[in-house]
Amino acid sequence: MRCKLPMLSLGLVFGLALGCSNDLSRPSEVTTLRVLGVQADPAFPAPGEHPQLSMLYEDGKAQEGAAPRRVRIAWLAGCDNPAGDLYYNCAQAIAETGALLSDADLSAEHAPPTAAGLVGFGSTFTGSIAADAIARRPQPSGISHSYALSYVFFGVCAGELRREPVAAEGFPLGCYSVVDGRKMGDADFVIG
């Protein structure tokens, strides 16, 4: 690719020349495992409803000529109305949900009875909004429409999901290679 540049200062010419390189990957190309979106139906569920979450993902490594990899997806719920409405205040609740699973449960993609409604597997998950979700949330003064929040987290792994006793990211699951057992990085494991 050639760039035609008008007479500009040397610093600006250098900066523009860097932008003309073909060496950078295009943002529109997916070359690793990526979650492209999660859709909730209904988008704004009412208390007592059971929204269906559907995930769209792509394993870009399969496009590189490699054999398709098995992608495992786990959903973890159980964080309602966290402090400050902030998702990162869900770490304790999600750790408790993750503790309900064993490595055998993760391998079989099976939620034990103690995790019913809190754990799911596959590209869809049916959540549950408690009937008293809004009533249990302290509402700030001056708010015109009361609301509640319910967070659902996911882990998408191009390998084997295992429990993590202490997760640096605050997520109780890890992703490991089915070939050599090594821990997979963010090109093969997406948390959201």
Visitor: Considering non-hydrogen atoms only, spot the tightest contact between P112 and L101 and give its length.
Guide: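 Closest pair (atom of P112, atom of L101, distance): CD-CD2, 3.7 Å.
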Visitor: Does the side chain of Y151 come within less than 4.5 Å of N89's, by heavy atoms?
Guide: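 Side chain of N89 against side chain of Y151, heavy atoms only: no contact under 4.5 Å found.
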Visitor: Identify, with sequence neighbours excluded, every residue that meets ring-ring contact (aromatic ring centres under 6.0 Å, His included) alongside Y57.
Guide: none
Visitor: Compare every heavy atom of A131 with every heavy atom of P47, then report the nearest pair and how far apart it is.
Guide: CB-O, 3.4 Å
Visitor: Going hydrophobic residue to hydrophobic residue with side-chain gaps under 4.5 angstrom, can you get from V119 over to I191?
Guide: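 Cluster IDs for V119 and I191 match.
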Visitor: Does one hydrophobic cluster hold both V156 and I94, with members joined at side-chain heavy-atom distances below 4.5 Å?
Guide: no
Visitor: Does OH belonging to Y87 count more than 12 external heavy atoms closer than 6.0 Å?
Guide: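 Result for OH/Y87: open.
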Visitor: Would you call D59 and R69 a salt bridge, taking side-chain N to carboxylate O under 4.0 Å as the test?
Guide: yes
Visitor: When you group the ILVMFWY residues by side-chain heavy-atom contacts below 4.5 Å and let the links chain together, are V38 and V71 in the same group?
Guide: yes
Visitor: Test: disulfide bond (SG atoms under 2.5 Å apart). Region: residues 108-154. Which pairs qualify, not counting sequence neighbours?
Guide: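 For residues 108-154: none.
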Visitor: Does the pair H50 and I129 meet the rule for a side-chain contact (heavy atoms from CB on, under 4.5 Å), with working shown?
Guide: CA-CA 6 Å; H50 301 280; I129 307 300; over 6 Å; no
Visitor: What heavy-atom pair brings D80 and S150 nearest, and what distance separates the two atoms?
Guide: OD1-OG, 2.7 Å
Visitor: Using 0.5 Å steps for rounding, measure from the SG atom of C157 to the CG atom of L106.
Guide: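 So the SG of C157 and the CG of L106 are separated by 9.5 Å.
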Visitor: Rounded to the nearest 0.5 Å, how far apart are CG of L76 and CG of L118?
Guide: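 Reported to 0.5 Å precision, the distance equals 9.0 Å.
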Visitor: Donor-acceptor pair, distance only, cut-off 3.5 Å: does the side chain of T97 make one with the backbone of A77?
Guide: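 It does hold such a pair.
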Visitor: Is the positively charged end of R137 above the ring of Y147, judged by distance under 6.0 angstrom from the centroid and angle within 45° of the axis?
Guide: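 Yes; both conditions hold, so R137 lies above the ring face of Y147.
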Visitor: Are L149 and I143 in one and the same hydrophobic cluster, where Ile, Leu, Val, Met, Phe, Trp and Tyr link if side-chain heavy atoms are under 4.5 Å apart?
Guide: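 The answer is yes; both residues are in one hydrophobic cluster.
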Visitor: Looking only at heavy atoms, what is the nearest atom pair of A130 and R136, with distance?
Guide: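 Nearest pair, atom of A130 first, then R136: CB-NH2, 3.4 Å.
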Visitor: Quick one: SG on C79 to CD on Q92, what's the gap to the nearest 0.5 Å?
Guide: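 The distance works out to 10.5 Å.
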Visitor: Please find the pair of heavy atoms, one from C175 and one from A158, that lie closest to each other, and give the distance.
Guide: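 Residues C175 and A158, closest heavy atoms: SG-N, 3.8 Å.
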Visitor: To the nearest 0.5 Å, what is the distance between CZ on F125 and CZ on F153?
Guide: 12.5 Å
Visitor: Out of curiosity, D41 CG to E49 CD, how far, rounded to the nearest 0.5 Å?
Guide: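 Rounded to the nearest 0.5 Å, the CG-CD separation comes to 9.5 Å.
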Visitor: Between E164 and R162, is the closest basic N to carboxylate O distance under 4.0 Å?
Guide: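 No salt bridge links R162 with E164.
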Visitor: Under 6.0 Å from the CD atom of Q39, do we count more than 12 heavy atoms belonging to anything else shown?
Guide: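 At most 12 heavy atoms, drawn from other residues, nucleotides or ligands, come within 6.0 Å of this atom.
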Visitor: What heavy-atom pair brings A187 and T32 nearest, and what distance separates the two atoms?
Guide: O-CB, 3.5 Å
Visitor: Salt-bridged, D188 to K61, with N to O below 4.0 Å?
Guide: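 Between K61 and D188 there is a salt bridge, with a charged N closer than 4.0 Å to a carboxylate O.
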Visitor: Kindly work out whether a path of hydrophobic side-chain contacts (I/L/V/M/F/W/Y, heavy atoms less than 4.5 Å apart) joins Y176 to F189.
Guide: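 No, Y176 and F189 fall in different hydrophobic clusters.
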Visitor: Quick check for you: to the nearest 0.5 Å, what is the distance between I73 atom CD1 and T124 atom OG1?
Guide: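 Separation between the atoms: 9.0 Å.
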